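Here's the structure we're looking at; comments come further down.
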Amino acid sequence: MNRRIVTLPIYGKEQRVRLRSVLAEARFLNVRLVRAVWCEFENDKKPNQWKTASLLLSTDTSLTAE
């Protein structure tokens, strides 16, 4: 699993995001290969605390987590 913290331009401002990504076979997509990315935004009011993780899936496995 690939893990990193990056700063990305999201919603009109620079935001720190913690990303974890992996290539996996999605059984509910007939065992299709997908990139799974768990992303967590840093809490603006409490630095070094992270909001609840969201899971994103992409069937384009050439894409990076960013």
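Quick note: residue numbers are just sequence positions, from 1. Side chains are part of it too, since the values below use all heavy atoms of this structure and drop only hydrogens, waters and symmetry mates. All values reported here derive from a predicted model rather than from experimental measurement.
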* Report yes or no: do Leu55 and Leu33 belong to one cluster of Ile/Leu/Val/Met/Phe/Trp/Tyr joined by side chain heavy-atom distances under 4.5 Å? =>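 Leu55 and Leu33: separate clusters.
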
* **ILVMFWY network linking Leu56 to Val34, side-chain heavy atoms under 4.5 angstrom** =>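 Looking at the clustering, Val34 is in a separate group from Leu56.
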
* Determine whether the side chains of Asp60 and Ser62 contain a donor N or O and an acceptor N or O closer than 3.5 Å. =>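 Side chains of Asp60 and Ser62: pair found under 3.5 Å.
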
Please report the shortest heavy-atom distance between [X] and [Y], naming the atom on each side.
X	Y	result
Phe41	Tyr11	CZ-CE1, 4.3 Å
Glu42	Lys51	O-CE, 4.3 Å
Ser58	Leu63	OG-CD1, 3.6 Å
Val37	Ser21	CG2-CB, 3.9 Å
Ile10	Gln15	O-NE2, 3.5 Å

Rounded to the nearest 0.5 Å, what's the gap from [atom1] on [X] to [atom2] on [Y]? Could you check?
X	Y	atom1	atom2	result
Asp44	Gln49	CG	CD	12.0 Å
Met1	Trp38	CE	CH2	4.5 Å
Arg18	Cys39	CZ	SG	11.0 Å

* Asked: Donor-acceptor pair, Asn43 side chain versus Lys45 backbone, under 3.5 Å?
  ->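 Yes, Asn43 side chain to Lys45 backbone: donor-acceptor pair under 3.5 Å.
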
* Asked: Does any N or O in the side chain of Arg35 come within less than 3.5 Å of the main-chain N or O of Thr61, such that one atom is a donor and the other an acceptor?
  ->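 Checked: pair present.
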
* Is any NZ, NE, NH1 or NH2 atom of the basic residue among Arg4 and Glu66 found under 4.0 Å from an Asp or Glu carboxylate oxygen of the other? ->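 Between Glu66 and Arg4 there is a salt bridge, with a charged N closer than 4.0 Å to a carboxylate O.
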
* side chain to side chain contact (heavy atoms under 4.5 Å, CB included) evaluation trace for Trp50 with Val17 -> CA-CA 9 Å; Trp50 302 92; Val17 183; 5.6 Å; no

